[in-house]
Participant: 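First the structure, which I've put down as structure tokens, then a few questions once you've had a look.
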Amino acid sequence: MPALVLFLAVCAACCTGIGFVLQQNAAQRAPLRDFLSWRLLLDLMHMPRWLGGIGLMVCGMALGAMALGGGEISLVEPLLATNLLFALALSRHQTKQAVGHQGWAGLLLLAGGVAAFIMAGQPRGGTAVTDPLRHWLIIGLMVGGALVLAAVAKRRPLAVGPVLLAIAGGLLYGVQDALTRVCGERLEEGGWSAVFGSWQPYAMIALGIVSLILVQSAFETAPLRMSLPALTAAQPLAGIACGVGFLGDVLRTDTGALAWEASGLAAIVGGIVLLGLHPAMPRGCAPVEQVPDLQSR
């Protein structure tokens, strides 16, 4: 693993994790009448804490794009999942909660899962799939799945809604990462004209806006411990699916390697859940008196 890719990916995870905490701190104060509406972003733009969180997330995305430029998405995505460690660190500072057995268990599972997946799979670059049908099929499944989850979440906004929205946002973030990798390759091969002459950057912008609304709506209606684990778990799984599906990433496929890869991914998800449910994660949510306005819509 190139040391620079490791450094950039961990820095990206740090910026993203801290940014998520700041965004949720602000989003929980937004009016629930703007749930799943672009107006939610307009309300949040007036909150300095949210703007700071978005700024950190943008920095994380830029660093992540640089990491994707030097390493396969199947390598970078598990590293980006460590953003939850940095989110927990900031939340622990805010809440003064001890790490405890749950925190250490989650940390070991997440770090061990990332190491197991990378060491067993040994992600490496291959020949990207040129068949556009394969691209659209995989991207369509991810985006379609996200839209279905958002539709279900809108019907049950205060029950399972936040988790479903977070998963939907994570799926779209994973697709965004894959398209970022494609844009980086086009930039190297043909310059900016090749990038903006393709559909990928415009799809990235559209997905970015939609995923931002989904994630902020999840942050608005539930504590961070309910939404962030689902978001953090869905993104690397979607990114790896895109990487292997059409970007040409190659993983070892012998029986032993597949078993370790599956175990690593399961450990990553388990660690994310343990850390996300840690008592240090913020519990705040939108004021109760605003709930009827949302449920009546």
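Computed over heavy atoms, backbone and side chain alike; hydrogens, waters and symmetry mates excluded. Since the model is a prediction, treat every value here as computed from it, not as a measurement.
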Participant: Which residues pass the side-chain hydrogen bond (donor to acceptor under 3.5 Å, both in side chains) test with Glu261, not counting sequence neighbours?
Facilitator: none
Participant: Can you give me the closest heavy-atom contact between Gly169 and Ser211, atom names plus distance?
Facilitator: O-CB, 4.3 Å
Participant: For Asp249 and Ile240, indicate whether the former's side chain and the latter's backbone hold a donor-acceptor pair under 3.5 Å.
Facilitator: no
Participant: If Ile, Leu, Val, Met, Phe, Trp and Tyr residues are connected whenever their side-chain heavy atoms lie under 4.5 Å apart, and connections chain through other members, are Leu164 and Leu147 in the same group?
Facilitator: yes
Participant: Does the side chain of Met57 reach to within under 4.5 Å of the side chain of Cys15, using non-hydrogen atoms?
Facilitator: no
Participant: Examine Leu108 and Leu85 and state if one hydrophobic cluster contains both, with Ile, Leu, Val, Met, Phe, Trp and Tyr joined whenever side-chain heavy atoms are less than 4.5 Å apart.
Facilitator: no
Participant: Any carboxylate oxygen within less than 4.0 angstrom of a Lys/Arg side-chain nitrogen, looking at Asp43 and Arg29?
Facilitator: no
Participant: For residues Leu251 and Ser74, determine if any side-chain heavy atom of one lies less than 4.5 Å from a side-chain heavy atom of the other.
Facilitator: yes
Participant: Is there a side-chain contact between Phe20 and Phe219 (heavy atoms, below 4.5 Å)?
Facilitator: yes
Participant: Quick one: does Arg186's side chain get under 4.5 Å of Val182's, heavy atoms only?
Facilitator: yes
Participant: Considering all heavy atoms of both residues, which atom of Trp260 and which atom of Ala116 are nearest to each other, and what is their separation?
Facilitator: CE3-CB, 4.3 Å
Participant: Take atom OH of Tyr202 as the centre, draw a 6.0 Å sphere, and report whether it contains more than 12 heavy atoms from other residues, nucleotides or ligands.
Facilitator: yes
Participant: Work out which heavy atom in Gly113 is nearest to a heavy atom in Ala267; give both atom names and the distance.
Facilitator: CA-CB, 3.7 Å
Participant: Rounded to the nearest 0.5 Å, how far apart are CD1 of Ile54 and CG of Leu41?
Facilitator: 8.0 Å
Participant: Against Pro78, only a single residue in Val114, Leu110, Leu265 fulfils side chain to side chain contact (heavy atoms under 4.5 Å, CB included); can you say which?
Facilitator: Val114
Participant: For a side chain to side chain contact (heavy atoms under 4.5 Å, CB included) check, start with the C-alpha distance between Ile139 and Leu179, then their side-chain angles and the critical distance, and finish with the verdict.
Facilitator: CA-CA 10 Å; Ile139 293 175; Leu179 296 181; 4.1 Å; yes
Participant: Between Thr82 and Ala13, which heavy-atom pair has the shortest distance, and what is it?
Facilitator: OG1-CB, 3.4 Å
Participant: What residues form a side-chain contact (heavy atoms from CB on, under 4.5 Å) with Ile205, not counting sequence neighbours?
Facilitator: Ile209
Participant: Angle class for the Trp199/Trp136 ring planes (parallel below 30°, perpendicular above 60°, tilted otherwise)?
Facilitator: parallel
Participant: So do the side chains of Leu36 and Leu214 get within less than 4.5 Å of each other, counting heavy atoms only?
Facilitator: yes
Participant: For the pair Gln23 (side chain) and Gly53 (backbone), establish whether a donor and an acceptor sit closer than 3.5 Å, ignoring hydrogens and angles.
Facilitator: yes
Participant: Side chains of Ile213 and Ser37, heavy atoms from C-beta outward: is any pair under 4.5 Å?
Facilitator: no
Participant: Between Thr232 (side chain only) and Pro229 (backbone N and O only), is there a donor and an acceptor less than 3.5 Å apart?
Facilitator: no
Participant: When you compare the side chain of Gln216 with that of Gln24, does any pair of heavy atoms fall below 4.5 Å?
Facilitator: no
Participant: When rounded to the nearest 0.5 angstrom, what distance separates CZ in Phe7 from CG in Leu79?
Facilitator: 13.5 Å
Participant: Measure from the side-chain N and O atoms of Arg134 to the backbone N and O of Gly245, and report whether any donor-acceptor pair falls under 3.5 Å.
Facilitator: yes
Participant: Taking atom CE as the centre, does Met66 end up with more than 12 heavy-atom neighbours from other residues, nucleotides or ligands that are less than 6.0 angstrom away?
Facilitator: no
Participant: Just grab all the ring pair (Phe, Tyr, Trp, His ring centres under 6.0 Å) pairs involving residues 168-194, residues at least two apart or on different chains.
Facilitator: Trp192-Phe196
Participant: If hydrophobic clusters are built by linking Ile, Leu, Val, Met, Phe, Trp and Tyr wherever their side-chain heavy atoms come under 4.5 Å apart, do Phe117 and Val10 end up in the same one?
Facilitator: yes
Participant: With hydrophobic residues grouped by side-chain heavy-atom distances under 4.5 Å, do Leu172 and Leu137 end up in a single group?
Facilitator: no
Participant: Is any side-chain heavy atom of Val269 closer than 4.5 Å to a side-chain heavy atom of Leu109?
Facilitator: no
Participant: Tell me whether Leu141 is reachable from Ile138 by hopping between hydrophobic residues (I, L, V, M, F, W, Y) whose side-chain heavy atoms are closer than 4.5 Å.
Facilitator: no
Participant: As an exercise, state the distance from CG of Leu171 to CG of Leu237, rounded to the nearest 0.5 Å.
Facilitator: 8.5 Å
Participant: How would you list all residue pairs meeting ring pair (Phe, Tyr, Trp, His ring centres under 6.0 Å) that involve residues 236-255, not counting sequence neighbours?
Facilitator: His135-Phe246
Participant: Can you give me the closest heavy-atom contact between Ala120 and Ala257, atom names plus distance?
Facilitator: O-CB, 3.7 Å
Participant: Nearest 0.5 Å, please: how far is CD in Glu77 from CD1 in Ile268?
Facilitator: 10.5 Å
Participant: Measure the CD-CZ distance between Gln122 and Arg252 for me, rounded to the nearest 0.5 Å.
Facilitator: 5.0 Å
Participant: Closest heavy-atom contact between Pro162 and Ser227?
Facilitator: O-CB, 4.3 Å
Participant: With Asp177, which residues qualify under side-chain hydrogen bond (donor to acceptor under 3.5 Å, both in side chains), at least two apart?
Facilitator: Gln235
Participant: Using only heavy-atom distances, determine whether the side chains of Asn83 and Thr16 contain a donor-acceptor pair under 3.5 Å.
Facilitator: no
Participant: Just how far is it from atom CG of Leu40 to atom CE of Met45, taken to the nearest 0.5 Å?
Facilitator: 10.0 Å
Participant: Check side-chain hydrogen bond (donor to acceptor under 3.5 Å, both in side chains) between Ser198 and all other residues, then give those that pass, not counting sequence neighbours.
Facilitator: Gln200
